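Atoms within a ligand are numbered from 1 in the order they appear, just like the ligands themselves. Predicted model, so just to flag it, every value in this text is computed and none were measured. Reckoned from all heavy atoms, side chains included, excluding hydrogens, waters and symmetry mates.
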Amino acid sequence: MGYNQKMFALGNKRSIIREIFEYSKQRAAEIGADKVFDFSLGNPSVPAPTEVNDAIRHLLDTQNSVLLHGYTSAQGDANVRRAIAERITRDFGVEMSPDLLYMTCGAAASLSISLKAVIEEGQGDECVVFAPFFTEYRVFIENAGGKIVISQPTEKTFQVDIADFESKINEHTKAVIVNSPNNPSGVVYSEETIRALCAVLERKSKEYGKVIYLIADEPYRELVYADVSVPYLMNYYPNTLVCYSYSKSLSLPGERIGYIAVCPQMEDAKSIYLAVCGAGRSLGYVCAPSLFQQVIANCLEAKVNVEAYKKNRDLLYNSLTAYGYECVKPDGAFYLFVRALEKDAYRFYEAAKKHELLVVPCDDFGVSGYVRIAYCTDYARVKNALPAFAALAEEYQQK
Ligand code: PLP
């Protein structure tokens, strides 16, 4: 067969989330959308802040159309990068330079580029991820020529198990991906966890005489509910690349806009940045969407209504735990990670489906026996779904 079989396999095997999404549409057509409780997709349910539409209108009305829709520099418009760099410096106390920022089409592109920039194909490079993890990491790591290595979390809290993490690092480890707030657990890694993790990285880098890169995947940074802070990893470990996206923080997932920030204190920061530029070029990810680069620069202070997600989280968490479900209370993102009421999460998903509840079995996220509930939906859907969650729990209690 004259085409790439690996790519065929990827395209041919739909992710479980997409599969559920398709089922949901079909079921909604059969019984009505209000009777299907679809909690499968991580698509933001709160609108983008009004500043975004205002900025779009303003830019369309005032800017030269040819320039506005034209190519920018491959790494992104210099003024946009300057504005973002100033914001990072102000917010996190890192002296960020616009010349270490690369505009991207969202976190997926940020991750693919960063991994491609540091992994050396054919050298046996490994990348450690912490379970539960965003399923696409496997695709991005393998596509960059690396091998995924999974570190299991501590039981119940889903923080990093430092001893397990340490045991997963060896002379082949090239990078580690940290995602906090986490998809799918909603957990925010504590400062204590981050300090311990970075201490391991420092020690192991010395032991093996090589740099191990820390890749911070941060699309959910602003979506936090409790009085918790999300440590900015550059302040804890210099060899850090931050992969940021506005998909969730400004509810703009379809606009494909984000960036990579290379820590100014990184060893050979300028060379790594050039490797990022080269990886962006080789993957065809040059010049992130021009209009949205400008929109972002005009909306750096804008925020989505995080309270709406918190309201959903509170109702869902309080109700489900009262019905007997076991789950870690999420401090961020918009996911609840719930222990399935039987060992096999897929069978539990099938049982939930009979109650029109669509949740995602999490085996592909690296943890078996759990499902993910994406509560980025209307409050009404959460409320209306509660009797079905109660009935499902009761069904298992009677077994
Ligand atoms: N990383 C994580 C943990 C995610 O949950 C997602 C999307 O859901 C992404 C990366 C990709 O984000 P983007 O839409 O900005 O490419």
Side-chain angles (χ1 to χ4, degrees), residues 15-18 20-21 38-46 48 52 76 84 102-116 127-141 143-144 148 150-151 153 158 160 175-189 214-224 230 233 241-261 279-280 283-285 288-289 292-293 295-296 299 304 309 330-337 360 362 364-367 372-377:
S15 83
I16 178 90
I17 298 176
R18 290 277 153 199
I20 298 170
F21 184 59
D38 184 354
F39 295 102
S40 61
L41 259 195
N43 215 357
S45 55
V46 304
V52 168
I84 295 174
Y102 188 96
M103 301 304 295
T104 65
C105 306
S110 302
L111 288 160
S112 298
I113 294 172
S114 298
L115 289 161
K116 185 87 177 164
C127 179
V128 180
V129 303
F130 299 101
F133 60 89
F134 180 50
T135 51
E136 295 304 280
Y137 289 166
R138 182 184 295 282
V139 178
F140 301 155
I141 292 167
N143 197 45
I148 187 169
I150 301 166
S151 174
F158 289 98
V160 172
V176 173
I177 302 178
V178 168
N179 169 223
S180 170
N182 182 268
N183 174 9
S185 72
V187 164
V188 175
Y189 293 147
L214 185 57
I215 295 177
D217 179 22
E218 305 213 322
Y220 301 99
R221 163 164 285 281
E222 283 78 17
L223 305 190
V224 285
V230 183
L233 298 193
L241 296 109
V242 171
C243 292
Y244 188 78
S245 155
Y246 296 92
S247 295
K248 320 285 171 163
S249 64
L250 289 183
S251 290
L252 295 174
E255 306 301 352
R256 313 310 298 140
I257 190 79
Y259 62 77
I260 299 167
L283 292 166
Y285 278 138
F292 271 83
Q293 290 190 44
V295 170
I296 291 308
C299 294
V304 291
Y309 294 132
D331 282 331
F334 35 53
Y335 306 108
L336 195 66
F337 199 53
V360 177
C362 284
D364 288 350
F365 293 72
V367 174
R372 185 189 81 172
I373 299 175
Y375 56 81
C376 39
T377 71

Problem set entry | Derivation of the ring-ring contact (aromatic ring centres under 6.0 Å, His included) call for Phe158 and Phe130 | CA-CA 9 Å; Phe158 289 98; Phe130 299 101; over 10 Å; no
Which pairs of nitrogen or oxygen atoms, taken one from ligand 1 and one from the protein, are under 3.5 angstrom apart?
{"unit_1": "ligand 1", "atom_1": "1 (N)", "unit_2": "Asp217", "atom_2": "OD1", "d": "3.4"}
{"unit_1": "ligand 1", "atom_1": "1 (N)", "unit_2": "Asp217", "atom_2": "OD2", "d": "2.6"}
{"unit_1": "ligand 1", "atom_1": "5 (O)", "unit_2": "Asn183", "atom_2": "ND2", "d": "2.8"}
{"unit_1": "ligand 1", "atom_1": "5 (O)", "unit_2": "Tyr220", "atom_2": "OH", "d": "2.7"}
{"unit_1": "ligand 1", "atom_1": "8 (O)", "unit_2": "Tyr220", "atom_2": "OH", "d": "3.4"}
{"unit_1": "ligand 1", "atom_1": "8 (O)", "unit_2": "Lys248", "atom_2": "NZ", "d": "2.9"}
{"unit_1": "ligand 1", "atom_1": "14 (O)", "unit_2": "Ser247", "atom_2": "OG", "d": "3.1"}
{"unit_1": "ligand 1", "atom_1": "14 (O)", "unit_2": "Arg256", "atom_2": "NH1", "d": "3.0"}
{"unit_1": "ligand 1", "atom_1": "15 (O)", "unit_2": "Ala107", "atom_2": "N", "d": "2.8"}
{"unit_1": "ligand 1", "atom_1": "15 (O)", "unit_2": "Ser245", "atom_2": "OG", "d": "2.6"}
{"unit_1": "ligand 1", "atom_1": "15 (O)", "unit_2": "Ser247", "atom_2": "OG", "d": "2.7"}
{"unit_1": "ligand 1", "atom_1": "16 (O)", "unit_2": "Ala107", "atom_2": "N", "d": "3.2"}
{"unit_1": "ligand 1", "atom_1": "16 (O)", "unit_2": "Ala108", "atom_2": "N", "d": "2.9"}
{"unit_1": "ligand 1", "atom_1": "16 (O)", "unit_2": "Arg256", "atom_2": "NH2", "d": "2.7"}

Exercise. Backbone N or O of Asp217 within a donor-acceptor pair of the Asn179 side chain at under 3.5 Å?
Worked result: yes
For this session: Look at the rings of Tyr137 and Phe134 and say which category their plane angle falls in: under 30° parallel, 30 to 60° tilted, over 60° perpendicular.
Result: perpendicular
Problem set entry | Main-chain N/O of Val46 paired to Ser251 side chain as donor or acceptor, under 3.5 Å | yes
Problem set entry | Worked verdict on Tyr220 versus Tyr335 for ring-ring contact (aromatic ring centres under 6.0 Å, His included) | CA-CA 11 Å; Tyr220 301 99; Tyr335 306 108; 5.7 Å; yes
Exercise. Is any side-chain heavy atom of Glu136 less than 4.5 Å from a side-chain heavy atom of Leu111?
Worked result: no
